[in-house]
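Order of the sequence lines fixes the chain letters, A, B, ..., with proteins taken first and strands second; residue numbering starts at 1 for each chain.
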Protein chains: 2
Amino acid sequence: MATIAVENYLKHVLLLSEGGADLVPMGALASALAVVPGTATTMVKALADEGLLEHLPRQGVRLTAEGRRVALNVLRKHRLVETFLVHVLKMDWSRVHEEAEQLEHAISDEVLDRLDALLGHPQSDPHGDPIPSAHGKLSSQVYATLATCVADRPLRIVRVTEQSAEFLQFAEQNGLLPGAALRVSDRNLPAGLVTVRRATGRSLALSLVAAGKILVEPER
Amino acid sequence: MATIAVENYLKHVLLLSEGGADLVPMGALASALAVVPGTATTMVKALADEGLLEHLPRQGVRLTAEGRRVALNVLRKHRLVETFLVHVLKMDWSRVHEEAEQLEHAISDEVLDRLDALLGHPQSDPHGDPIPSAHGKLSSQVYATLATCVADRPLRIVRVTEQSAEFLQFAEQNGLLPGAALRVSDRNLPAGLVTVRRATGRSLALSLVAAGKILVEPER
DNA sequence: AGATTTATTTTGACTAATCAAAATAGACGC
DNA sequence: GCGTCTATTTTGATTAGTCAAAATAAATCT
Ligand SMILES: [Mn+2]
Ligand SMILES: [Mn+2]
Ligand SMILES: [Mn+2]
Ligand SMILES: [Mn+2]
């Protein structure tokens with residue numbers, strides 16, 4: 001069985017290659033895992049020996065088919081656990097990530113399947129992150145963000161790509177949840193500011209960085 | 001935070017002292033944890049340095065107040081998780097022990113509390129094992145077993161003290177579940193055999209060893 | 001091109017947990 | 001009381017994962 005550390009390395013390689021990048025640089029991987037670069041190098045070489053990923057020295061890493069399979073299983077556990085914690089145990093969506101970070105390594109495939117059934121086979125977690133299917137399919141749909149979408153059109157939030165409790169609490173308090181309807185009423189690039197108007201009529205200003213974490217699709 | 005190994009050592013010291021023994025011998029601890037005796041000695045000395053237990057060389061170990069607190073918290077997680085797996089996820093009672101063995105180290109105190117509330121603050125798990133209270137109280141009620149109780153009196157099963165899937169499946173198939181009504185119809189000590197009659201009228205023979213794992217109380 | 005900066009790798013050391021096998025302390029038998 | 005047996009401890013190694021700091025390769029700048 002893969003250890004917790006191995007599962008974390010593989011999951012983070014998967015997450016970091018989500019943006020389409022073929023090779024994940026060691027620096028990005030090390031900082032995602034909160035280890036020093038040398039540690040990541042050592043570990044990655046061991047994982048490459050195990051056939052879980054490919055290591056191109058000084059360039060980066062890429063999952064093998066087997067490594068991807070393991071990573072998707074862990075990610076599926078993570079996101080289904082988050083969904084369970086929010087929908088069944090009524091935990092705050094800002095705190096479930098930390099919890100799932102541990103539980104993703106502790107639940108068996110059987111519990112995974114039963115949670116999936118209990119929750120009605122959800123396709124995304126409370127943050128809108130897609131849940132890999134039991135067969136290893138992971139939606140890679142690309143969405144616009146509040147920083148990049150066309151202005152003055154009705155939108156719906158589909159995903160919030162940030163895990164920090166602080167940001168998620170802020171988002172919740174301002175109704176920036178998956179499913180919420182809103183539009184971009186103004187975008188001031190020199191100032192780095194995006195103003196959105198919610199369906200309720202309330203207006204709210206966000207930095208471009210914050211706006212870039214809110215993924216949206218055109219309403220209707 | 002206590003590591004998984006530390007939590008396991010403390011939990012097993014607690015379980016092994018359940019039978020009233022003041023000192024848990026190293027051999028018993030080592031075999032409960034499936035490690036060689038030397039490993040247990042090394043670990044126990046480290047735990048004693050941490051103030052989690054007392055080690056009387058060549059005699060055994062005893063939990064300190066702090067060690068007991070940690071152990072009870074882990075045991076509470078274990079048994080509430082088992083209850084959740086059986087009552088909510090409908091898993092077979094013979095397989096939840098293995099699962100809980102991992103999950104007991106992965107869930108936070110907050111999830112623990114929410115599970116407890118969801119399940120209606122149960123006092124015992126699916127095997128009848130008492131669940132430590134949130135304040136660290138653990139029922140130490142002593143029960144008779146099918147090997148020791150008085151014969152020909154109506155009884156109710158309160159607990160099955162065995163975790164192996166094999167035994168639990170056998171017990172379930174023969175209706176030997178907590179809550180079941182039955183009586184001892186015959187006990188043949190020379191042969192080492194106990195015969196029980198269930199409320200349904202069915203009779204069943206058990207070895208003394210097997211019968212000793214079924215705890216009962218007088219019916220009504 | 002040559003110098004400088006930055007990312008990555010290498011080296012050496014450390015911690016937690018474990019095992020195998022040798023040493024030892026007690027208990028038990030007589 | 002002395003030898004034997006058994007439980008426990010000690011010693012020396014091993015594995016997984018990590019960090020600090022030095023070495024190196026590659027990219028970038030002048
Ligand atoms: Mn998460
Ligand atoms: Mn999520
Ligand atoms: Mn159990
Ligand atoms: Mn149990």
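Environment of CZ in B:Arg187: crowded, with over 12 heavy atoms of neighbouring residues, nucleotides or ligands closer than 6.0 Å.
Toward the 5′ end of DNA chain D lies the nearest nucleotide of B:Pro37, the other residue of the pair B:Pro37 and A:Val35 mapping further downstream.
No side-chain N or O of A:His78 forms a donor-acceptor pair with one of A:Asp125 less than 3.5 Å apart. At a cut-off of 3.5 Å, with distance as the only test, a side-chain donor of A:Tyr143 or A:Gln141 sits close to an acceptor on the other residue. B:His127 and B:His97 share no side-chain donor-acceptor pair at under 3.5 Å.
In this entry the distance linking CE of A:Met26 with C1' of D:dA26 reads 16 Å, nearest Å. To the nearest angstrom, P of D:dT8 lies 9 Å from NE2 of B:His55. Atom NZ of A:Lys45 is separated from atom P of D:dG17 by 16 Å (rounded to the nearest Å). Summarising the geometry, the separation between CE on A:Met43 and P on D:dT18 is reported as 6 Å, rounded to the nearest angstrom. Look at CD1 on B:Ile4: it is 13 Å from P on D:dG17, rounded to the nearest Å.
Under a 3.5 Å cut-off, the side chain of B:Ser133 and the backbone N or O of B:Lys137 do form a donor-acceptor pair. Side-chain atoms of B:Lys77 come within 3.5 Å of backbone N or O of B:Ile107 as a donor-acceptor pair. Between the side chain of A:Glu50 and the backbone N or O of A:Leu52 there is no donor-acceptor pair closer than 3.5 Å.
Note that CZ of A:Arg79 and CG of A:Asp129 are 4.0 Å apart. Values are rounded to the nearest 0.5 Å.
Note that the first and last nucleotides of DNA chain C, 5' to 3', having any atom under 4.0 angstrom from a heavy atom of chain A are C:dA7 to C:dT10.
Of the candidates D:dA16, D:dA26, D:dT18, D:dA26 carries the atom nearest the A:Arg58 side chain, counting heavy atoms from C-beta on.
Residue A:Tyr9 places no side-chain N or O under 4.0 Å from the OP1 or OP2 atom of D:dA16.
Evaluation of the salt bridge (charged side-chain N to carboxylate O under 4.0 Å, His left out) rule for B:Asp22 yields B:Arg62 as partners, not counting sequence neighbours.
For DNA chain C, if you chain together Watson-Crick or G-U pairs that step i with j, i+1 with j-1 and so on, the runs of at least three with distances under 3.5 Å are C:1-30 with D:1-30.
Among the atoms of the strands shown, only primed sugar atoms or phosphate atoms (P, OP1, OP2) are found under 4.0 Å from some heavy atom of B:Gly27.
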